[in-house]
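Scroll down for the structure; my scribbles are underneath it.
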Amino acid sequence: MASCDSIVVLVSGSGSNLQAIIDAVETGQITSKISAVISNMPDAYALERAKKAGIATAVVDHTLFDSRENFDQALQDLIESYQPDLVVLSGFMRLLTEPFVTFYTGRMLNIHPSLLPKYRGLHTHQRALDAGDEEHGASVHVVTPDLDSGPVIIQAIVPVIEGDTAEILAKRVVKEEHIIYPLVIGWVAEGRLEMSADNVLLDGVALTSPVIWKAGEIQEKKIQE
Ligand code: GAR
């Protein structure tokens, strides 16, 4: 990806990741502009965060559409009115159709609260607890048509601690999401990351495994921050 001037962020909920991205734009860690924040949920708190930051907001309410295809087309039309270089799914809780995903392949990121390929879909924290996992975390990945299946760029790993509930674990994970998502978007903004449906290049070098963010330390030699 040559340069990334403009980002559109899609949200459905509280938008704590959006806030981390807004903060990173404000501090200059991300050198792109957020052109718009779009929600499928009219009452998403994320919209308030965007407004407070002076960012354009819009709603495409999925309940007003009779099919996923029609919703996705309306969403795409709205996104395209902002001409973004990158689309960021940030707690956007909708399954997306293949034509939509294909249109944005290589220019759309998602963050998912599990160590992919584990626990695609919902209830990831409870599933990690039920499995007795000792580690859990979050993944930033390229979006491809199959749910939560595209190439993983970075993973934040946190310990599972005795007595954890899904809620406690979710809080531990999301804190790290707020670090890794702005980091990756910053790489895209600087043109350091090239993405396709089956490959990711960081600084021109193919990632053979995700960058690992663990206990505040990046364990990946290729990265010079
Ligand atoms: C985050 O934990 C994100 O990883 C998850 O939703 C939460 C949104 O929180 N996304 C998914 O589950 C997508 N499959 P936020 O609205 O506070 O950023």
Side-chain angles (χ1 to χ4, degrees), residues 7-26 30 34 36-53 55 57-60 62 68 71-72 75 86-97 100-101 104 108-130 133 135-158 160 164-186 210-211 213:
I7 299 171
V8 165
V9 184
L10 305 188
V11 295
S12 299
S14 95
S16 69
N17 276 288
L18 169 68
Q19 189 64 59
I21 296 164
I22 291 171
D23 293 347
V25 170
E26 282 174 1
I30 296 174
I34 304 174
V37 171
I38 301 174
S39 176
N40 64 310
M41 303 286 280
D43 59 353
Y45 183 63
L47 293 169
E48 302 309 315
R49 296 182 190 269
K51 283 177 196 157
K52 215 179 270 181
I55 299 166
T57 62
V59 173
V60 187
H62 64 276
R68 281 191 188 279
F71 169 77
D72 281 6
L75 182 61
L86 180 71
V87 175
V88 171
L89 307 183
S90 189
F92 188 65
M93 304 306 280
R94 292 282 305 168
L95 293 173
L96 294 164
T97 58
F100 180 92
V101 174
Y104 289 111
M108 182 155 65
L109 289 172
N110 183 41
I111 190 158
H112 182 73
S114 79
L115 296 176
L116 291 171
K118 281 187 166 181
Y119 316 131
R120 297 179 171 120
L122 299 174
H123 311 302
T124 57
H125 309 299
Q126 190 59 52
R127 286 157 74 194
L129 289 174
D130 292 347
D133 291 353
E135 289 185 325
H136 183 48
S139 307
V140 176
H141 66 94
V142 181
V143 180
T144 56
D146 287 338
L147 181 68
D148 302 327
S149 293
V152 178
I153 302 162
I154 192 168
Q155 292 187 315
I157 301 179
V158 302
V160 178
D164 273 353
T165 61
E167 205 175 34
I168 293 170
L169 191 51
K171 281 192 185 143
R172 194 174 305 129
V173 170
V174 85
K175 202 165 151 233
E176 304 306 315
E177 292 184 29
H178 298 164
I179 296 169
I180 63 172
Y181 216 5
L183 186 63
V184 170
I185 296 166
V211 176
W213 168 266

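We count ligands from 1, going down the list as the structure has it; atoms in each ligand are counted the same way.
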inquiry  = Within the structure provided, determine whether L122 and M93 are in side-chain contact (heavy-atom separation under 4.5 Å).
reply    =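 Of all side-chain heavy-atom pairs linking M93 with L122, at least one is under 4.5 Å.
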Would you check if V140 and W213 make a side-chain contact, meaning some heavy-atom pair closer than 4.5 Å?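 Sidechains of W213 and V140: no contact.
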What's the shortest distance from [atom] to any protein heavy atom, and which residue and atom give it?
atom                    : result
atom 7 (C) of ligand 1  : G91 CA, 4.4 Å
atom 5 (C) of ligand 1  : P113 CD, 3.8 Å
atom 10 (N) of ligand 1 : I111 O, 3.6 Å
atom 16 (O) of ligand 1 : G15 N, 2.8 Å
atom 14 (N) of ligand 1 : H112 ND1, 3.2 Å
atom 4 (O) of ligand 1  : E177 OE1, 2.8 Å
atom 15 (P) of ligand 1 : S16 N, 3.4 Å
atom 9 (O) of ligand 1  : N17 ND2, 4.1 Å

ask   = Just distances here: any N/O of S14 and N/O of ligand 1 closer than 3.5 Å?
value =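 Yes, since at least one N or O of S14 sits under 3.5 Å from an N or O of ligand 1.
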Between H141 and H112, how do the two ring planes meet: parallel, tilted or perpendicular, split at 30° and 60°?
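Because their plane-to-plane angle is over 60°, the rings of H141 and H112 count as perpendicular.
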| said: Nearest 0.5 angstrom please: T124 OG1 to H136 NE2, how far? | reply: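 Atom-to-atom, T124:OG1 and H136:NE2 are 4.5 Å apart.
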Distance from N110 atom CG to L96 atom CG, nearest 0.5 Å?
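It is 8.5 Å, given to the nearest 0.5 Å.
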>> I'd like to know whether ligand 1 has M93 as a neighbour, heavy-atom separation below 4.0 Å.
In response: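 M93 counts as a contact of ligand 1 under the 4.0 Å cut-off.
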- prompt: Is it true that D133 and K118 make a salt bridge, defined as a side-chain N closer than 4.0 Å to a carboxylate O?
  reply: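 So D133 pairs with K118 through a salt bridge.
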Distance-only side-chain donor-acceptor flag, R120 / S149, under 3.5 Å: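 Checked: R120/S149 side chains pair up, N/O donor to acceptor below 3.5 Å.
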